[in-house]
There are 2 protein chains.
Amino acid sequence: MNPSLIPADRDAATDALFKALSDGTRRALLEALVRDGEQNVQALTEGAGVSQPMVSRHMAKLKRAGLVTARRSGRETWYAARVKGLGPVIQWMAVHGALWSQRFTALEGLEG
Amino acid sequence: MNPSLIPADRDAATDALFKALSDGTRRALLEALVRDGEQNVQALTEGAGVSQPMVSRHMAKLKRAGLVTARRSGRETWYAARVKGLGPVIQWMAVHGALWSQRFTALEGLEG
DNA sequence: TTAACGCATAACCATATGGTTATGATTTGG
DNA sequence: CCAAATCATAACCATATGGTTATGCGTTAA
């Protein structure tokens with residue numbers, strides 16, 4: 001058993017995932033892919049509100065986190081949302097969220 | 001007004017939440033509260049692997065994000081996980097991932 | 001072959017972040 | 001009353017991060 005009181009959730013994948021999702025621009029880019037399907041950098045840049053290089057860098061981070069896939073076709077790169085990418089987040093929510101609600105269900109009415 | 005393809009998910013609360021969850025030490029602190037209930041800074045520091053001031057700062061950030069509550073009692077501060085704090089995250093997951101818009105218990109297809 | 005295109009990377013900047021030790025404010029105990 | 005305890009804040013440092021413009025590299029098209 002781990003003698004420490006805190007389980008040290010330093011799982012690299014989980015960390016990368018939450019970090020990737022912690023920026024609004026990246027979330028918006030991911031949402032665009034979820035909503036409208038596979039898109040190239042040009043299309044993503046049009047609505048992103050940031051420069052093309054920044055979009056590329058954000059997409060690279062999302063890819064490293066496992067949230068998107070990249071497909072190179074000629075001079076274009078097509079990105080798509082990767083459904084399974086959110087797995088660790090779901091997992092985390094399931095484990096701790098469930099424990100959470102279980103422990104505090106009785107108090108639910110008390111907080112604002 | 002902006003007819004952009006990307007809906008610009010810059011909601012401040014959502015942003016603060018994901019940012020708060022994007023650090024492993026903070027997640028571990030939060031998990032400790034979920035697991036063992038309300039604790040003061042001293043107890044949290046014991047297993048955190050970082051200094052007491054750092055714990056205080058992490059807790060402040062979790063509090064700003066709405067993930068914990070703080071209760072001052074004499075010279076001690078007691079922190080507790082806040083039930084509804086994960087709401088915006090759950091909301092985001094529900095909206096942007098139809099697959100996991102249901103209960104978290106439906107994880108079978110996502111793992112692996 | 002050459003010019004334009006699409007994208008990634010480099011170089012650079014400002015700020016945020018995570019960490020430390022030192023200090024300060026307030027409460028408790030002897 | 002004074003010292004210890006509890007926590008937050010300050011001061012400081014190194015690194016990460018988000019943003020820009022400039023550049024380079026492969027691909028398409030004229």
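Convention: sequence-line order gives letters A, B, ...; per-chain numbering from 1.
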Could you tell me how far apart B:D15 (CG) and C:dT17 (P) are, to the nearest whole angstrom? 10 Å
side-chain N/O A:T25 vs D:dG19 OP1/OP2, d < 4.0 Å: yes
Is it true that A:K19 and A:D15 make a salt bridge, defined as a side-chain N closer than 4.0 Å to a carboxylate O? yes
Kindly calculate the angle separating the two end axes of the helix from C:dT1-D:dA30 to C:dG30-D:dC1, each obtained from five base pairs, and round it to 10 degrees. 10°
So, for A:P88 and A:K84, which heavy atoms are closest and what is the spacing to 0.1 Å? CD-O, 4.4 Å
From CZ of B:R64 across to C1' of D:dA8 the rounded distance in Å is 12 Å
Whether the side chain of B:R75 and the base of D:dT6 hold a donor-acceptor pair under 3.5 Å is what I'd like checked. no
Considering every strand and a 4.0 Å limit on heavy-atom distances, what is the contact class for A:S56: base, sugar-phosphate, or nothing? base
The answer to which of B:K19 and A:M54 contacts DNA chain C further toward the 5' end, by nearest nucleotide, is A:M54
Looking at D:dG18, I'd like to know if its phosphate oxygens (OP1 or OP2) sit under 4.0 Å from a side-chain N or O belonging to A:R26. yes
So does B:R71 pair up with B:E38, basic N to acidic O under 4.0 Å? yes
Closest approach of B:V55 to B:V50 (non-hydrogen atoms, all atoms of both residues): CG2-CG2, 3.9 Å
Phosphate contact (D:dC7 OP1 or OP2) by B:N40 side-chain N/O below 4.0 Å: yes
Please determine if a side-chain N or O atom of B:H58 lies less than 4.0 Å away from the OP1 or OP2 oxygen of C:dT17. no
Does C:dT20 have OP1 or OP2 under 4.0 Å away from a side-chain N or O of B:S51? yes
Indicate whether OP1 or OP2 belonging to D:dA8 is found under 4.0 Å from a side-chain N or O atom of B:Y79. yes
Tell whether B:Q52 reaches the base of D:dA8 with its side chain through a donor-acceptor pair below 3.5 angstrom. yes
Length of the line joining A:L21:CG and D:dT17:P, which is rounded to integer Å: 14 Å
